Amino acid sequence: MSELRIFSYLPNPRLWKATIAARLCGVALEVRGAAPDALRDWLWDFDARPLPAGEQAAQSAALRLGRVGFRGGRLYKTDAFLAAQPFGTVPAAFSPDGGTGIFESNSIMRAVARLDRSGSALYGRDAYEASRIDSFLDVSLVFARDAQHYLLALREAAVTRDLHARAAEAFATYLGGIEQALRPHREFLVGAALSLADICFFAEYSLFSNERLQRAALAAIGLQPISRPEQTQEFPLAMNHYSKLSRHPAFAADAAAYLDKLVAGDRA
Ligand SMILES: N[C@@H](CCC(=O)N[C@@H](CS)C(=O)NCC(=O)O)C(=O)O
């Protein structure tokens, strides 16, 4: 039986934070979801499910306006969903009885680590390591916020030079910190083993890399992707760490197809 249910659009690198952690510590997850546009015809609920056209009228009380990533679109979010998920966002996780909602992908990942009974120490070996992991998760969220504005603007064909410049600055700050943390020859971001900090870095960098699929839209306004390989030579330790993580079976299970698509896009 699953120990945590998660509803999300798919694929979603932020969901990988939980699925990678679950694979590493043997926690059973149930994931429900579909492609972003398909979620407009889903009922957003603990019992999230596709809403057939014939049932949509009966759910009209659940209609709300989407904001982030679904801007202006109508979404079917039940009152119970909003009671459990007050910000109304996905990924949205629930305890097995649906009584407790957990939101924000970093917190959902932490929930998985707290359910770990395998002794994997993904959330650190003591209070100091756990707190250092939290530090990485916090800076990742700051980066993620700027990245989200930029990526959504790219998706909505509304990117500006200003948004690109802000994303480039956030990227350089984030990668600079990761690079520094791995100096001179550290294998992991915290302590001597893989932790939630590494998983979070991997997921956020993967999501950001999605900008590479919008190369043509960027070129049209005289810009280039920020995460292009030659630029990341500035961050050799961070990129080497990312590349090693991408080959780890627990990471590749989620990321391989997504990353292959990016590489194919670079060659096109
Ligand atoms: N920082 C959040 C981001 C969650 C988020 O913003 N989700 C958006 C989709 S990208 C959403 O669910 N929007 C629903 C709405 O606007 O109604 C996380 O990491 O989980």
Side-chain angles (χ1 to χ4, degrees), residues 4-22 29 31-46 48 51 59 61-94 100-113 133-134 136-159 163 166-167 170-171 174 196-211 213-214 254-255 258:
L4 200 66
R5 180 183 294 179
I6 310 179
F7 170 50
S8 178
Y9 63 87
L10 304 173
N12 178 0
R14 292 200 172 123
L15 169 70
W16 302 349
K17 296 175 188 175
T19 50
I20 292 169
L29 297 184
V31 175
R32 295 189 183 191
D37 284 341
L39 285 197
R40 297 180 192 281
D41 294 321
W42 272 57
L43 189 67
W44 292 39
D45 190 58
F46 170 59
L51 261 187
Q59 290 292 346
L63 273 175
R64 334 260 166 178
L65 277 189
R67 282 200 299 260
V68 183
F70 296 89
R71 207 199 318 257
R74 292 175 341 147
L75 299 168
Y76 293 92
K77 299 182 188 177
T78 63
D79 289 343
F81 180 80
L82 290 174
Q85 307 288 341
F87 297 92
T89 52
V90 287
F94 299 87
T100 304
I102 303 150
F103 41 95
E104 284 296 326
S105 53
N106 287 349
S107 292
I108 298 171
M109 172 176 68
R110 274 188 281 244
V112 172
I133 290 168
D134 283 338
F136 279 102
L137 303 194
D138 287 353
V139 289
S140 298
L141 183 57
V142 173
F143 166 62
R145 178 91 184 132
D146 282 330
Q148 188 174 42
H149 285 308
Y150 169 61
L151 292 173
L152 289 176
L154 271 176
R155 207 176 135 213
E156 293 163 10
V159 79
L163 272 175
R166 262 190 282 161
F171 179 87
Y174 183 57
L196 299 185
D198 303 293
I199 299 174
C200 182
F201 159 61
F202 180 79
E204 291 298 344
Y205 187 87
S206 298
L207 181 62
F208 193 91
S209 305
N210 204 22
E211 60 152 2
L213 292 177
Q214 305 290 340
D254 282 320
Y258 187 96

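Worth saying up front: this structure is predicted, and the values here are computed from it rather than measured. Atoms within each ligand, like the ligands themselves, are counted from 1 in listed order.
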S.K.: Let me check something: any side-chain donor-acceptor pairs from residues 106-113 under 3.5 Å, sequence neighbours excluded? List them with distances.
M.R.:
from, atom 1, to, atom 2, distance (Å)
Asn106, OD1, Lys17, NZ, 2.7
Asn106, ND2, Leu137, O, 3.1
Arg110, NH1, Asp134, OD1, 2.8

S.K.: Which protein N or O atoms sit under 3.5 Å from any N or O of ligand 1? Give atom names and distances.
M.R.:
from, atom 1, to, atom 2, distance (Å)
ligand 1, 1 (N), Glu104, OE1, 2.8
ligand 1, 1 (N), Glu104, OE2, 3.3
ligand 1, 6 (O), Gln148, NE2, 3.0
ligand 1, 7 (N), Val90, O, 2.9
ligand 1, 12 (O), Val90, N, 2.7
ligand 1, 13 (N), Val68, O, 2.7
ligand 1, 16 (O), Arg67, N, 2.5
ligand 1, 16 (O), Val68, N, 2.5
ligand 1, 16 (O), Val68, O, 3.3
ligand 1, 17 (O), Arg67, N, 3.4
ligand 1, 17 (O), Lys77, NZ, 2.6
ligand 1, 19 (O), Ser105, N, 3.4
ligand 1, 19 (O), Ser105, OG, 2.6
ligand 1, 20 (O), Ser105, N, 2.9

S.K.: Which salt bridge (charged side-chain N to carboxylate O under 4.0 Å, His left out) pairs, counting each pair once, include a residue from residues 80-89, with sequence neighbours left out?
M.R.: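 Residue pairs passing salt bridge (charged side-chain N to carboxylate O under 4.0 Å, His left out), neighbours aside: none found.
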
S.K.: Here's a test for you: under ring-ring contact (aromatic ring centres under 6.0 Å, His included), which of Phe143, Phe136, Tyr205 qualifies with Tyr174?
M.R.: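 The ring-ring contact (aromatic ring centres under 6.0 Å, His included) with Tyr174 is passed solely by Phe143 among Phe143, Phe136, Tyr205.
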
S.K.: Carefully, step by step, assess Phe208 and Tyr150 under the rule ring pair (Phe, Tyr, Trp, His ring centres under 6.0 Å).
M.R.: CA-CA 9 Å; Phe208 193 91; Tyr150 169 61; 5.8 Å; yes

S.K.: What residue pairs, at least two apart or across chains, pass salt bridge (charged side-chain N to carboxylate O under 4.0 Å, His left out) with a residue in residues 32-46?
M.R.: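 For residues 32-46: Glu30-Arg32, Arg32-Asp47, Asp37-Arg40, Asp37-Arg155.
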
S.K.: From Phe94 CZ over to Phe103 CZ, what is the distance, rounded to the nearest 0.5 angstrom?
M.R.: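 Here the interatomic distance stands at 11.0 Å.
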
